[in-house]
Protein chains: 2
Amino acid sequence: MQEKLSIKHIANLVGTSITTVSFVLNGKAKEKHISEKLTEKILQVVAELDYQPNSIARSLRTGKTKIIGFLVDDISKPFFSGIARVIDQKASARGYKIIFSSTGNDKKRISEILNIFKDRHVDGYIVAIAEGLEEEIGKLISGKAPVVFFDRYLPELDADYVLTDNFQSTATASQHLLDNGFKNIGFVTIDTEQQQMLDRLQGYTDTVKRAKAKPQVLKIKYTNSEDSTEKIKSFLQDNPELDAVIFAANYLTMDGLRLSRIGEEQLLSSKAILSFDDFELLEFISPSITAIEQPIEELAENIVQLLLKKLNAGDVKNGGERSVLKINAKLNVRQSTKGLVN
Amino acid sequence: MQEKLSIKHIANLVGTSITTVSFVLNGKAKEKHISEKLTEKILQVVAELDYQPNSIARSLRTGKTKIIGFLVDDISKPFFSGIARVIDQKASARGYKIIFSSTGNDKKRISEILNIFKDRHVDGYIVAIAEGLEEEIGKLISGKAPVVFFDRYLPELDADYVLTDNFQSTATASQHLLDNGFKNIGFVTIDTEQQQMLDRLQGYTDTVKRAKAKPQVLKIKYTNSEDSTEKIKSFLQDNPELDAVIFAANYLTMDGLRLSRIGEEQLLSSKAILSFDDFELLEFISPSITAIEQPIEELAENIVQLLLKKLNAGDVKNGGERSVLKINAKLNVRQSTKGLVN
DNA sequence: CTGAAAGCGCTTACAG
DNA sequence: CTGAAAGCGCTTACAG
């Protein structure tokens with residue numbers, strides 16, 4: 001536990017200067033023409049003593065902390081904690097650590113957190129926020145801080161994004177239903193301008209139209225779960241010809257399944273059900289429900305890669321071009337949509 | 001964006017020394033007998049320019065980073081991400097930030113992560129690890145680092161713990177079943193020496209015995225989910241007199257519910273079911289299932305409080321006494337256990 | 001009541 | 001090929 005090991009000790013032990021030790025430690029031995037012998041000797045002593053340079057002193061000097069700020073609505077949401085887990089892995093492997101905070105969609109809280117992150121001198125930011133909160137976060141981008149957004153696309157923010165390919169996901173899902181013989185596919189979404197919901201809708205309508213079928217869409221003005229369930233009920237009652245339904249978000253799937261709570265399970269039981277977003281319940285209930293699974297691993301990998309690319313290109317002041325990456329989702333086919341074929 | 005604001009600028013603007021500014025900023029104005037006038041003026045300039053001391057420089061000087069390392073199996077498990085969210089809130093409010101990592105129960109990974117945390121000079125640790133990994137973590141404690149453990153009690157580690165009161169939780173649950181008229185209560189657990197599982201078992205047996213009833217316990221040597229479901233099936237078939245069953249962990253509840261997958265739902269449908277650990281599914285299925293909910297908010301609050309107490313008592317070298325806090329769980333009563341009364 | 005100066009442990013221009 | 005020294009922005013013993 002010789003805690004107080006410093007570069008000075010190493011230099012003394014080897015019989016050289018801290019400058020030389022520092023160069024070797026930073027892989028600049030070659031560049032600085034340090035002799036191989038000296039380099040070897042330094043590395044050996046460092047290894048023997050298990051010396052690690054003080055990261056804080058380094059941060060103070062270089063201005064880099066190798067810390068990334070991770071900002072989401074609520075870290076305990078499965079999607080976000082899943083992303084957090086993988087991001088931490090990927091970032092750790094590259095020498096970065098993550099600090100996180102949950103905004104709770106509160107404007108004041110966002111500003112506070114960004115202030116804390118800035119105070120901590122984070123090197124970069126990974127952010128997912130909802131519409132309407134662009135202003136708070138806009139300063140970050142105009143301040144040239146390296147930021148990667150994910151989950152939500154915010155048209156007002158000209159920035160870098162890593163997103164699930166929402167269009168592709170529902171297009172594939174719709175095609176899956178058509179391929180399995182379903183002809184009248186309904187689509188339940190919310191009444192919104194959110195880009196990801198519009199994309200999901202578009203993926204559905206384009207695919208259905210190409211098959212010469214007629215889109216049947218329910219756009220719910222979302223207030224609460226009970227109301228939503230009622231509207232789904234009416235929609236299904238008014239359109240008895242539907243043989244399949246796609247729910248465009250996990251909470252809509254839940255609201256649909258709650259029909260069984262109000263004794264209306266027969267409205268769904270005859271139909272193929274497909275959910276955007278996958279969760280444990282869907283695999284468990286009977287019949288198990290086909291779902292679009294967000295590609296967490298790939299999203300996380302791309303987020304980290306993109307951010308690190310920006311961090312390392314930090315010197316290039318012009319910012320370079322913006323990236324909007326769309327990652328393909330996975331379709332987990334289960335009992336609910338196999339009906340007409342298997 | 002005058003990024004490069006430093007204590008020197010403030011001192012110059014006010015016309016004093018950085019020493020005085022530092023004293024004022026650290027609330028030592030009184031102690032150091034700085035005149036009220038000067039203090040006021042400094043605070044005013046600081047407020048005007050929105051100056052914030054560089055936290056890294058401060059860390060280098062003081063040796064404190066105000067960062068806490070959070071170490072769990074898997075940050076994406078609902079219990080852990082829930083705890084993480086609340087801990088972040090509580091810690092943020094006190095000027096601390098959390099960095100986390102997931103161990104995946106891998107010994108090598110644990111050592112790596114602890115090394116990273118140490119390298120980052122975290123002030124303290126919040127840790128939940130499984131049995132068998134004590135050795136890796138033991139060095140932390142013997143090294144006098146401030147650590148608070150939660151979730152798991154590890155008898156070998158003489159340390160500070162914050163735990164759900166497992167004994168109380170199943171005692172209360174058992175009493176609830178007895179109060180509602182159930183007489184033959186079964187208990188499904190695993191064959192283990194894990195303290196928390198033993199406590200849950202004890203809470204049940206003590207309560208049942210006090211009511212002059214006979215404990216009926218299934219201890220599963222856990223290998224996999226399918227096998228577990230089979231053993232639960234046999235247990236229920238062999239003990240037809242049971243009118244209630246407590247599952248001692250969420251995965252056991254799931255295994256029990258999977259009886260419906262193998263056409264054996266009637267084994268459970270006639271019985272009151274009660275689950276240790278609550279999750280969405282339990283509220284959703286029909287009948288909804290009564291569950292013991294871990295007190296995440298209180299656990300988090302106590303973890304943070306205890307750790308900060310240790311951090312602030314850092315000067316007191318004798319370490320003080322150890323704490324083992326047990327927090328009461330909550331019983332969420334649902335349809336499954338109301339049968340005989342309502 | 002206040003300030004000059006050392007020092008936390010690094011990195012890096014500069015000099016030789 | 002190598003090293004003395006400045007400096008990152010603070011805190012704090014010491015001096016007055």
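Here is how names work: the chains are called A, B, and so on, in the same order as the sequence lines, proteins then strands, and each is numbered from 1.
- The residue B:Ser59 sits apart from the nucleic acid: no heavy atom pair falls under 4.0 Å.
- Going from atom NZ of B:Lys8 over to atom C1' of C:dA4 covers 13 Å, rounded to whole Å.
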Working note: B:Gln196 + B:Leu163, criterion side-chain contact (heavy atoms from CB on, under 4.5 Å); need CA distance, chi angles, decisive distance, verdict. CA-CA 9 Å; B:Gln196 82 268 23; B:Leu163 305 165; over 6 Å; no

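- Comparing B:Ile56 and B:Thr20 by the nucleotide of DNA chain D that holds the closest heavy atom to each, the one mapping nearer the 5' end is B:Ile56.
- A:Glu36 has its CD atom 12 Å from the P atom of D:dT2, to the nearest Å.
- For the pair B:Ile7 and B:Ile18, the minimum side-chain heavy-atom distance is below 4.5 Å.
- Between the CZ atom of B:Phe23 and the C1' atom of D:dT11 there is a distance of 8 Å, given to the nearest Å.
- Across all strands, B:Thr16 comes closer than 4.0 Å only to sugar-phosphate atoms, never to a base (heavy-atom distances).
- Using a 4.5 Å heavy-atom threshold, the side chains of B:Leu157 and B:Ile137 count as touching.
- The closest donor-acceptor contact from the side chain of B:Asp123 to the backbone of B:Lys66 lies under 3.5 Å.
- At whole-Å resolution of the value, CD in B:Glu31 and P in D:dT11 are 14 Å apart.
- Judged by closest nucleotide on DNA chain C, B:Ile18 is the one of B:Ala57 and B:Ile18 placed further toward the 5' end.
- Which of C:dC1, D:dC10, D:dT11 sits closest to the side chain of B:His33 comes down to C:dC1.
- Taking atom CD1 of A:Ile7 as the reference point, atom P of D:dG7 lies 19 Å away to the nearest angstrom.
- Look at B:Asn26 and you'll find a side-chain N or O under 4.0 angstrom from OP1 or OP2 of D:dT11.
- Base pairing annotation: C:dA4 forms no Watson-Crick or G-U wobble pair, as no partner gives both donor-acceptor distances under 3.5 Å.
- In this structure, B:Leu60 places its CG atom 12 Å from P of C:dT11, rounding to the nearest Å.
- With hydrogens and angles left out, the side-chain atoms of B:Ser17 and B:Thr20 include a donor and acceptor closer than 3.5 Å.
- In this structure, A:Ser35 reaches the sugar-phosphate backbone alone: every heavy-atom distance under 4.0 Å involves primed, P, OP1 or OP2 atoms, never a base.
- Close to D:dC10, at under 4.0 Å from its OP1 or OP2, lies a side-chain N or O of B:Tyr51.
- Residue contacts for B:Leu38: at a heavy-atom cut-off of 4.0 Å it reaches the sugar-phosphate backbone alone, with no base atom in range.
- In this structure, B:Ser22 does not reach the D:dC10 phosphate: none of its side-chain N or O atoms is under 4.0 Å from OP1 or OP2.
- In this structure, of D:dG9, C:dA4, D:dT11, it is C:dA4 that holds the atom nearest to the side chain of B:Ser17.
- Of the possible donor and acceptor atoms, one in the side chain of A:Ser59 sits under 3.5 Å from a partner among the backbone N and O of A:Lys64.
- Counting any heavy atom pair closer than 4.0 Å across all strands shown, B:Thr19 reaches a base atom.
- Backbone-only engagement by B:Lys28 is indicated by non-hydrogen atom pairs under 4.0 Å involving sugar-phosphate atoms exclusively.
- Counting non-hydrogen atoms under 4.0 angstrom, B:Arg61 reaches a base of the nucleic acid.
- The CG-P distance, from B:Asn54 to D:dC10, rounds to 5 Å in whole Å.
- Per the geometry, CD1 belonging to A:Ile10 stands 13 Å off C1' belonging to C:dG9, to the nearest Å.
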